[in-house]
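The block underneath contains the structure these notes are about, expressed in structure tokens.
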Amino acid sequence: MRIDIISIFPQFFDCLDVSLMGKARDSGILQTHIWDLRDQSEDVHRTVDRAPAGGGAGMVMKPDIWGKAIDQVIDESGANKTVLAIPTPSGIPLAQARVRELAENTDHLVIACGRYEGIDQRVSQYYQQLPGVEVLPFSLGDYVLNGGEVAAVALVEATCRLLEGFVGNPQSLLEESYELSGLLEYPAYTKPQSWRGLEIPPVLLSGNHEKIKAWRREQSLILTATRRPDLIEKINPDVLNKTDREILAAHGFLPAPFKRKVRFRLARVGEEATCSALASRLFPQACPPYLPPDAIERFIAENLSEQVFKNYLKDPGIQIVLAEIDAYETAEAQNKLPQWQPVGYTLIKAGSPGYLPPEENLVKATGENCAYLSKCYVEPQWYGSGLSGAMLEVSHFTLQKRYPHIVKIGLGTNLGNRRARKFYRRHGYRKCGQRIFMVADIENQDLVAVRDFTTCQIPSWAKNVAQ
Ligand code: SAM
């Protein structure tokens, strides 16, 4: 690739001689030519700027001087196609995808470094309509520099490291931030193992490559969700698996095709109407098809009324976690106050130390200090978004924090509900028996399953996210 840089401070680019950039030049992968714009000026003062047309502060760089400088380098290169990059704060933000495209498809790059108030607009206008030239006005970020030189160096370095033969292992480049996954890269560590009281995360020293890979993926997702939520909008949904979606949901995002923000919080005293309405709405959606509507109605009236939830909310041994979705899609939500709407909940009975779950078979299977996951419901439209799994793990984490005596959690789920059984299995619940569950006077066969927190720990991504 040939790069011509035009500037009134050519000495600025001495930095391109150092490190890998210098090597790339020596090896011929890259040819750089630095030009002094003032050489095109014809007056003794080597003037390149004049007062702005229409008045105002500062000076503007003259189009005739720039035209001569750019024509000269295009002619000299003899390239069929030239990209003319013009750094400007009003340009398109420079992003990895654009840089990669440049590295892969461009033989000749010219960078025109402005100073003062910038370059006369007609320079960009003229070259835009010239065959064989593509104009790329680009910005380094939402701030103003004194000149285009820093931006030019950034563009050269970002582009050149992607040229074939520039780095030893091109695979390493694909794992970086903004590349294939569209995520920020995971944090890196090296020896010493302990530094100023801070340790390398033990998983990285475990030698277990599967676990290391999973940890790095998790860190990438968390970093992206917390630092650059704007990137989540752009993730290709095909690269996300179930766990990825759960991690993102736990950190507030349901990426495409759902495109919503989500949050989890404890239900508060006084919210019995919200809880009862939600529970009553969700219960029928998860019932087996053989249950008649009047049995479902009776169950709701007896077990999910406002009065029942009023008592639950007052009971210090009961935890209700609500999942709420912002009514606005993430793209339109940016400048709006979120409108949180409840779409799912868990209800867990935990009691105080020595607690026995209110299910005979659970008591038999687990003994004391086993919480009972009495309810775990989500509106079906959010199935597959990661919301249910995140809600469950966040509920586990909150449970453990609030009730440290709890070491296990058990549940009953309809034997015929394969989706629920698979879901609980993925989340560490193991079959330990069966029970009869009554809906009004109809008997239902339930599978009883238990998760042991000592052998199946709560994932670190579920921590500190419930509000
Ligand atoms: N008057 C211009 C404006 O407000 O948009 C700012 C001109 S700036 C002082 C001078 C030159 O610095 C620009 O012509 C451009 O080459 C460069 N520059 C400043 N900020 C930049 C940024 N964020 N990205 C790329 N180039 C920048």
Side-chain angles (χ1 to χ4, degrees), residues 246 249-254 258 260-287 296-330 333 336-352 355 357-358 371-383 385-404 406 409 411-413 420 427 439 458 462-467:
E246 287 172 354
H251 287 80
F253 297 94
L254 307 182
F258 301 93
R260 291 300 170 93
K261 281 197 192 158
V262 59
R263 72 172 184 186
F264 303 98
R265 67 174 180 87
L266 286 166
R268 294 180 283 263
V269 171
E271 290 190 301
E272 54 271 14
T274 305
C275 294
S276 165
L278 177 68
S280 309
R281 185 158 57 87
L282 297 185
F283 182 74
Q285 301 180 6
C287 282
I296 296 176
E297 268 167 40
R298 245 181 77 195
F299 183 90
I300 292 174
E302 285 165 14
N303 299 282
L304 304 174
S305 67
E306 282 191 30
Q307 188 53 49
V308 170
F309 273 98
K310 194 171 182 174
N311 294 338
Y312 282 155
L313 290 167
K314 276 192 300 200
D315 185 337
I318 285 184
Q319 165 183 298
I320 300 177
V321 168
L322 295 176
E324 295 177 319
I325 291 279
D326 188 355
Y328 297 113
E329 278 205 2
T330 26
K336 296 190 169 124
L337 276 182
Q339 281 195 8
W340 296 112
Q341 295 174 349
V343 297
Y345 77 111
T346 58
L347 189 154
I348 299 178
K349 302 185 177 178
S352 41
Y355 174 75
Y372 174 53
L373 179 62
S374 166
K375 309 271 185 299
C376 179
Y377 287 91
V378 165
E379 262 180 12
Q381 78 178 100
W382 308 108
Y383 289 174
S385 69
L387 187 149
S388 308
M391 181 178 79
L392 182 61
E393 294 298 355
V394 166
S395 302
H396 288 155
F397 174 73
T398 313
L399 176 78
Q400 215 175 40
K401 211 167 61 175
R402 299 177 76 214
Y403 308 96
I406 292 295
I409 183 165
L411 58 82
T413 184
H427 287 278
V439 175
I458 298 162
K463 290 179 184 165
N464 303 320
V465 282
Q467 302 177 7

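All values below come from the heavy atoms of this structure, side chains included, with hydrogens, waters and symmetry mates left out.
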Side chains of [X] and [Y], heavy atoms from C-beta outward: is any pair under 4.5 Å?
X: Arg268; Y: Leu313; answer: no
X: Ile325; Y: Leu387; answer: yes
X: Cys287; Y: Val439; answer: no
X: Leu373; Y: Thr346; answer: yes
X: Glu272; Y: Tyr312; answer: no
X: Ile300; Y: Pro284; answer: yes

For [X] and [Y], indicate whether the former's side chain and the latter's backbone hold a donor-acceptor pair under 3.5 Å.
X: Arg260; Y: Ala327; result: yes
X: Glu379; Y: Val343; result: no
X: Gln319; Y: Ser395; result: yes
X: Ser276; Y: Leu304; result: yes
X: Asp326; Y: Trp340; result: no

Euclidean distance, Ser280 OG relative to Ile296 CD1, rounded to 0.5 Å: 12.0 Å
Spatial distance of atom CE (Met391) from atom CZ (Arg263) [nearest 0.5 Å]: 15.0 Å
Qualifying residue for side chain to side chain contact (heavy atoms under 4.5 Å, CB included) with Ile320, from Asp315, Leu266, Leu347: Leu347
Nearest non-hydrogen partners of Phe264 and Ala390, listed with the distance: CZ-CB, 3.8 Å
For Tyr383 against Ser388, the heavy-atom pair lying closest together: CD2-OG, 4.5 Å
Working for side chain to side chain contact (heavy atoms under 4.5 Å, CB included), residues Thr330 and Lys261: CA-CA 6 Å; Thr330 26; Lys261 281 197 192 158; 3.8 Å; yes
Full working for side chain to side chain contact (heavy atoms under 4.5 Å, CB included) between Ile458 and Leu399: CA-CA 11 Å; Ile458 298 162; Leu399 176 78; over 6 Å; no
Parallel, tilted or perpendicular, as decided by the 30° and 60° cut-offs, for the rings of Tyr377 and Tyr345: parallel
